**Q** 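Pasting a structure here, questions to come.
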Amino acid sequence: MPTHDAVVIGCGLAGLSAGIGLAEGGARVFVVGKGMAATHWTHGGLDVGDVAKLAERPGHPYALLADAVVPAVEAHLARLDAAGLPYRGSPGDALNAMPTAVGGLRPAAIVPDAQSAALDPWDDGERLLILGIGRFKDFWAEMAARNLRTHPWPHGPAEVRAAVVDLPWVDRRHNLTPMDLARMFDDPVWRARALERMRASLPAGRWRVGLPAVLGLDRHAEVLAATREMLGVPVFEIPSLPPSVPGARLWEALRGRLLAVGGGLQWGFPVVNVERAGERIVAVHTEAASRTLRSVAAEFVLATGGLASGGLRAHADGIVEERVFGLPVESPPQREWLADDPLVEQPLESAGIRVDANLRPTGLRNVTVVGSMLAGMRYLAERCGDGVAVASAHRAVQVISDRSAVAA
């Protein structure tokens, strides 16, 4: 029967950040999760949003967390840098336009080093080459280049062009995923031959090259350095369809840090039972190989995510359910859940758990809620989901550590 100082439920960005912070402070931490949350679906950068503006909105998580954003982001980036996954940018940096895999532009300020060349100002006469890979169906260089040529891009490149390169042995594959290519780039022998072909496909002139985000998984830093050296031009990755290689690198870096500082991790198994004593949670049970695993703790952190991650479930009768502890969910009336236009932000995105200044929900004294489970934000439309994740994890660590110190 494992006994811990804290159990974190959810192993996405918020959950792993909370677990790492607690373990770094000396707590016995166990992180459980049914999956890898949203990390493997996203671009791998850090979207913080307009903190000052959002903090002025009543009920927005930043109204509670604005002062935690900068220290939380700094700690997060320091951990990733120490893990060999450096990022560029800070919460105060201006947003710049980055090309997407479909030829759109997204605003960004904090991105992995492998994507950072896309944020550099474009010199007069500098051009962009979108370089695709033959038989890789998740990245269409021609379409992306065509759309970028017609998309307003102030201060962008002088020209956008596409090229497709056939890499060694790829013609033998019928279903080529981003993970497949990333692992192939981890192989030094295959990589050398692939980079030679990529270099041969570059046109003459001053170019910056955008590639699908597949430059290595376990040996990413080595692959990125070799690519930049071989091509001899600025290179940046463009995230494509899931599974996200940049997201996988991020998750692995955080998982490694959690284990390195003494935290435990069980993922792939959901919480199936909860033990209570009045307004306190005593233990949670997760599925395991032959019987449930009972984890007892003094504190619990709920980081299961919102509707997109399955932490919340909306029912046909208009009820939105929090699926672990049955906490009350704040949501719009059912008739207002969805907008008429499917391509705009949906009101139901703001559903979540309402908490106090210490991120405690109503009715439970030893539970802290973090991440996109928090009510009052539209994390996609406001581009604040990552900032809320790390800031709420940072605050949860402070709250739990202070409470533990008093109890001791």
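Since the model is a prediction, treat every value here as computed from it, not as a measurement.
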**Q** Quick one: CD1 on I133 to CG on L211, what's the gap to the nearest 0.5 Å?
**A**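 Those atoms lie 7.0 Å apart.
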**Q** Which residues pass the side chain to side chain donor-acceptor pair (under 3.5 Å) test with E56, sequence neighbours left out?
**A** none
**Q** My understanding is that only residues two or more places apart in sequence, or in another chain, count here; which of them pass side-chain contact (heavy atoms from CB on, under 4.5 Å) with D186?
**A**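 D186 satisfies side-chain contact (heavy atoms from CB on, under 4.5 Å) with L217, D218, R219, V223 only.
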**Q** Do the side chain of T368 and the main chain of L359 share a donor and acceptor less than 3.5 angstrom apart?
**A** no
**Q** The criterion is side-chain contact (heavy atoms from CB on, under 4.5 Å); which residues satisfy it with D120, sequence neighbours excluded?
**A** R88, A117, R208
**Q** Which pairs, with at least one residue in residues 226-243 and sequence neighbours excluded, count as a side chain to side chain donor-acceptor pair (under 3.5 Å)?
**A**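 For residues 226-243: D113-R228, E237-R249.
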**Q** Considering residues at least two apart in sequence or located in another chain, which fulfil the side-chain contact (heavy atoms from CB on, under 4.5 Å) criterion with D81?
**A** P86
**Q** Of all heavy-atom pairs between V370 and A303, which one has the smallest distance, and what is that distance?
**A** CG2-CB, 3.4 Å
**Q** Does the side chain of P270 reach to within under 4.5 Å of the side chain of E287, using non-hydrogen atoms?
**A**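 SC-SC contact between P270 and E287 confirmed.
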**Q** Under the salt bridge (charged side-chain N to carboxylate O under 4.0 Å, His left out) criterion, do D124 and R206 qualify, and how do the steps go?
**A** CA-CA 10 Å; D124 291 340; R206 295 177 55 218; over 6 Å; no
**Q** ring-ring contact (aromatic ring centres under 6.0 Å, His included) with W267: which residues, sequence neighbours excluded?
**A** W251
**Q** Look only at the side chain of R127 and the backbone of R161, and say whether a donor-acceptor pair between them is shorter than 3.5 Å.
**A**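 The answer is no, because no donor-acceptor pair under 3.5 Å joins these two groups.
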**Q** Check for a donor-acceptor pair, side chain of E142 on one end and backbone N or O of A162 on the other, with a separation under 3.5 Å.
**A**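 Not confirmed, E142 side chain does not pair with A162 backbone.
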**Q** Does R360 come within less than 4.0 Å of E299, counting only side-chain N to carboxylate O?
**A** yes
**Q** As an exercise, state the distance from CZ of F30 to OG1 of T3, rounded to the nearest 0.5 Å.
**A**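 So the gap between those two atoms works out to 12.0 Å.
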**Q** So, does N147 use its side chain to make a donor-acceptor pair with the main chain of G104 at under 3.5 Å?
**A** no
**Q** Only pairs at least two apart or in different chains count here, so list each side chain to side chain donor-acceptor pair (under 3.5 Å) that has a residue in residues 27-42.
**A** D5-R28
**Q** Taking all non-hydrogen atoms of both residues, which atom of L85 and which atom of A253 are closest, and how far apart?
**A** CD2-CB, 4.2 Å
**Q** How would you list, by chain and number, every residue that makes a ring-ring contact (aromatic ring centres under 6.0 Å, His included) with H60, sequence neighbours excluded?
**A** Y62
**Q** What heavy-atom pair brings A68 and A391 nearest, and what distance separates the two atoms?
**A** CB-O, 3.9 Å
**Q** Could you pull out the closest heavy-atom pair between G89 and I110, with the gap in Å?
**A** C-CG1, 3.8 Å
**Q** Would the distance check show the side chain of R323 and the main-chain N or O of V271 forming a donor-acceptor pair, the cut-off being under 3.5 Å?
**A**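 Not a single qualifying donor-acceptor pair exists.
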**Q** side-chain contact (heavy atoms from CB on, under 4.5 Å) with T100: which residues, sequence neighbours excluded?
**A** V102, R106
**Q** Pairs in or reaching into residues 255-264: which pass side chain to side chain donor-acceptor pair (under 3.5 Å), with residues at least two apart or in two chains?
**A**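 Qualifying pairs, neighbours excluded: E24-R257, E252-R255.
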**Q** Are side-chain heavy atoms of L250 and H43 found at a separation under 4.5 Å?
**A** no
**Q** Between the side chain of E196 and the main-chain N/O of M230, is any donor-acceptor distance below 3.5 Å?
**A**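 Flag not set: sc E196 to bb M230 has no pair under 3.5 Å.
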**Q** In the structure I gave you, are the side-chain heavy atoms of F300 and V274 within less than 4.5 Å of one another anywhere?
**A** no
**Q** How close do P332 and P347 get, counting heavy atoms only, and between which atoms?
**A** CG-O, 3.5 Å
**Q** Return the minimal non-hydrogen interatomic distance between Q115 and M98, and the atom names on each side.
**A**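 Distance-wise, the nearest heavy atoms are O-CE, 3.5 Å.
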**Q** Below 4.5 Å, heavy atoms only, C-beta onward: do M373 and L312 meet side chain to side chain?
**A** yes
**Q** Just by modelled atom types, is the F185 backbone N or O under 3.5 Å from a matching donor or acceptor in the R191 side chain?
**A** yes
**Q** Are any of the side-chain heavy atoms of S90 and E74 separated by less than 4.5 Å?
**A**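 No - every pair of side-chain heavy atoms lies 4.5 Å or more apart.
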**Q** Scan the side chains in residues 198-205 for donor-acceptor partners under 3.5 Å anywhere in the protein, sequence neighbours excluded, and list what turns up.
**A**
residue, atom, partner, partner atom, Å
S201, OG, M198, O, 2.6

**Q** Is the closest side-chain heavy-atom distance between I400 and V301 below 4.5 Å?
**A** yes
**Q** Is it true that a side-chain atom of H155 and a backbone atom of W122 form a donor plus acceptor pair closer than 3.5 Å?
**A**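 Judged by distance alone, no pair lies under 3.5 Å.
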**Q** Taking salt bridge (Lys or Arg N to Asp or Glu O under 4.0 Å) as the cut-off, I'd like each qualifying pair that reaches into residues 300-316, sequence neighbours left out, listed once.
**A**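 Matches after skipping sequence neighbours: none remain.
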**Q** For the side chain of E322 and the backbone of V324, is there at least one donor-acceptor N/O pair under 3.5 Å apart?
**A**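 Checked: pair present.
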**Q** Can you tell me if D47 uses its side chain to pair, donor with acceptor, with the backbone of D386 under 3.5 Å?
**A** no
